[in-house]
Amino acid sequence: VTNIRSHWTIKDLPWQRFDQTKVNKDLLAFAKAASLIEANALLYVEYLKNIFFDKPEILVDLERWGAEELQHGRVLRRWAERADPSFDFELSMKKYRRAFVFPMQNESLRGSQALELVSRCVIETGTSSFYSALRDATAEPVFFEICRRIAGDEIRHYHLFYSHLQKGFSENMTRWARIKAIFGRLCEATDEEVCFAYAACESTGEVNQKNLALYAEKYLVFLARFYKPSHFKQAILMVGRAANLPIQAKEGLWLAVVAHKILNFRVWIFQKLHALHLLHVRSRS
Ligand SMILES: [Fe+2]
Ligand SMILES: [Fe+2]
């Protein structure tokens with residue numbers, strides 16, 4: 001499992017089959033945002049190398065993993081530039097980096113190496129379901145293939161971090177500690193990283209940090225539109241495994257249906273408030 005050398009490159013994609021008429025604007029906006037986040041992967045490699053400085057077997061894997069995430073950024077960028085020639089990646093990246101400051105430090109933001117691995121499992125679960133949802137939503141053949149391959153990579157990344165968690169840390173880690181770490185990370189699911197990347201690509205001027213709540217809602221609307229119960233189910237089973245919770249496929253399915261309903265209800269409320277002009281954009285500083 002630890003051999004995660006990428007099985008594909010940018011050249012393996014069927015670029016000649018690109019079809020402009022099938023590009024969906026909403027999906028394109030999130031493809032651009034994802035290209036920025038993935039292209040920022042070296043910051044995570046550096047951060048995680050600090051955290052796992054005494055674990056050579058993890059350090060080796062981090063290098064390969066980071067290279068794959070960078071490739072995701074390059075491929076998404078190439079596609080987004082093709083789909084929208086006015087997309088200025090470099091400018092968007094500058095705006096993004098001015099708005100989103102990576103909390104670089106030598107100690108784990110999650111509290112321990114084990115919790116850092118649990119958190120990575122959550123993130124890789126999130127990215128794999130994100131690209132699976134894009135894959136199932138798009139009619140554009142090249143983007144379909146890109147998302148299919150990236151979603152596969154993200155699932156392998158999950159297994160990579162999960163296997164390190166099980167190998168080195170599972171004994172002295174309670175289920176409760178894992179669940180706490182997972183909920184902590186899930187609460188950041190619509191955090192600044194995603195929202196500011198979206199804003200950096202979509203807004204004409206600088207990213208307005210005061211509009212974080214508005215961008216977060218746009219992101220939730222997007223998720224509600226493109227995430228189906230099947231995407232939630234896969235995510236719930238993966239996160240359940242990282243939490244050491246025995247969730248079976250059947251329970252995973254009804255939990256997924258509930259999660260899907262809750263998300264749609266949340267979006268419905270937001271849109272009603274918006275229509276009634278009752279929603280004020282709050283800032284989070
Ligand atoms: Fe990625
Ligand atoms: Fe990944």
Side-chain angles (χ1 to χ4, degrees), residues 1-10 12-13 27-49 51-52 58-80 89 92-93 96 100 102 109-110 116-138 142-165 182 185-186 188-189 191 193-194 196-198 201 219 222-223 226-227 231 234-235 237-239 241-242:
V1 186
T2 51
N3 181 7
I4 61 155
R5 210 182 313 272
S6 188
H7 301 295
W8 59 281
T9 73
I10 198 163
D12 296 327
L13 291 158
L27 298 181
L28 172 62
F30 280 92
K32 290 176 187 172
S35 79
L36 298 187
I37 298 170
E38 298 271 14
N40 236 357
L42 285 181
L43 289 172
Y44 286 89
V45 176
E46 203 184 317
Y47 164 77
L48 290 170
K49 276 164 84 177
I51 307 300
F52 294 102
I58 297 184
L59 291 176
V60 175
D61 284 341
L62 283 174
E63 293 287 352
R64 293 201 201 119
W65 162 77
E68 290 201 358
E69 303 291 19
L70 281 181
Q71 171 162 287
H72 297 168
R74 275 198 301 277
V75 170
L76 288 163
R77 174 187 176 172
R78 166 96 53 104
W79 182 81
F89 177 88
S92 300
M93 189 55 130
Y96 175 49
F100 172 69
F102 187 85
L109 291 165
R110 312 290 160 200
E116 197 66 55
L117 289 172
V118 173
S119 170
R120 283 305 330 161
C121 287
V122 175
I123 297 167
E124 303 293 349
T125 299
T127 53
S128 69
S129 60
F130 174 79
Y131 291 111
S132 302
L134 293 185
R135 174 200 64 204
D136 296 341
T138 188
V142 183
F143 193 55
F144 173 87
E145 190 55 24
I146 290 172
C147 294
R148 187 184 73 78
R149 287 178 189 248
I150 297 183
D153 282 352
E154 307 296 9
I155 289 177
R156 281 190 300 113
H157 294 167
Y158 166 91
H159 285 290
L160 173 78
F161 292 111
Y162 180 76
S163 72
H164 281 301
L165 178 69
I182 285 168
R185 191 59 191 79
L186 283 177
E188 295 170 30
D191 62 7
E193 182 166 35
V194 179
F196 289 162
Y198 175 83
C201 299
Y219 183 54
F222 164 82
L223 295 182
F226 295 112
Y227 269 55
H231 305 121
Q234 188 198 28
L237 294 180
M238 286 165 76
V239 167
R241 210 163 98 151

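Just so it is clear, the values below take in all heavy atoms, side chains as well, and ignore hydrogens, waters and symmetry mates. When a ligand or atom number is given, it counts from 1 through the structure's own listing order.
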Tell me whether the rings of F130 and F30 are parallel (<30°), tilted (30 to 60°) or perpendicular (>60°). perpendicular
Just the protein N/O/S atoms under 2.8 Å from the Fe ion (ligand 2), please, no waters. E69 OE2, E124 OE1, E154 OE1, H157 ND1
With sequence neighbours excluded, tell me which residues meet side chain to side chain donor-acceptor pair (under 3.5 Å) with Y227. S129
Can you name the residues that form a side chain to side chain donor-acceptor pair (under 3.5 Å) with D136, not counting sequence neighbours? H231
Can you name the nearest heavy-atom pair linking K49 to L62, along with the distance? N-CD1, 3.9 Å
Please check if the side chain of N40 supplies one atom and the backbone of I37 the other of a donor-acceptor pair under 3.5 Å. no
Taking side chain to side chain contact (heavy atoms under 4.5 Å, CB included) as the definition, give me every residue that meets it alongside L13, ordered by chain and number, with sequence neighbours left out. W8, W15, V75, E145, I146, R149
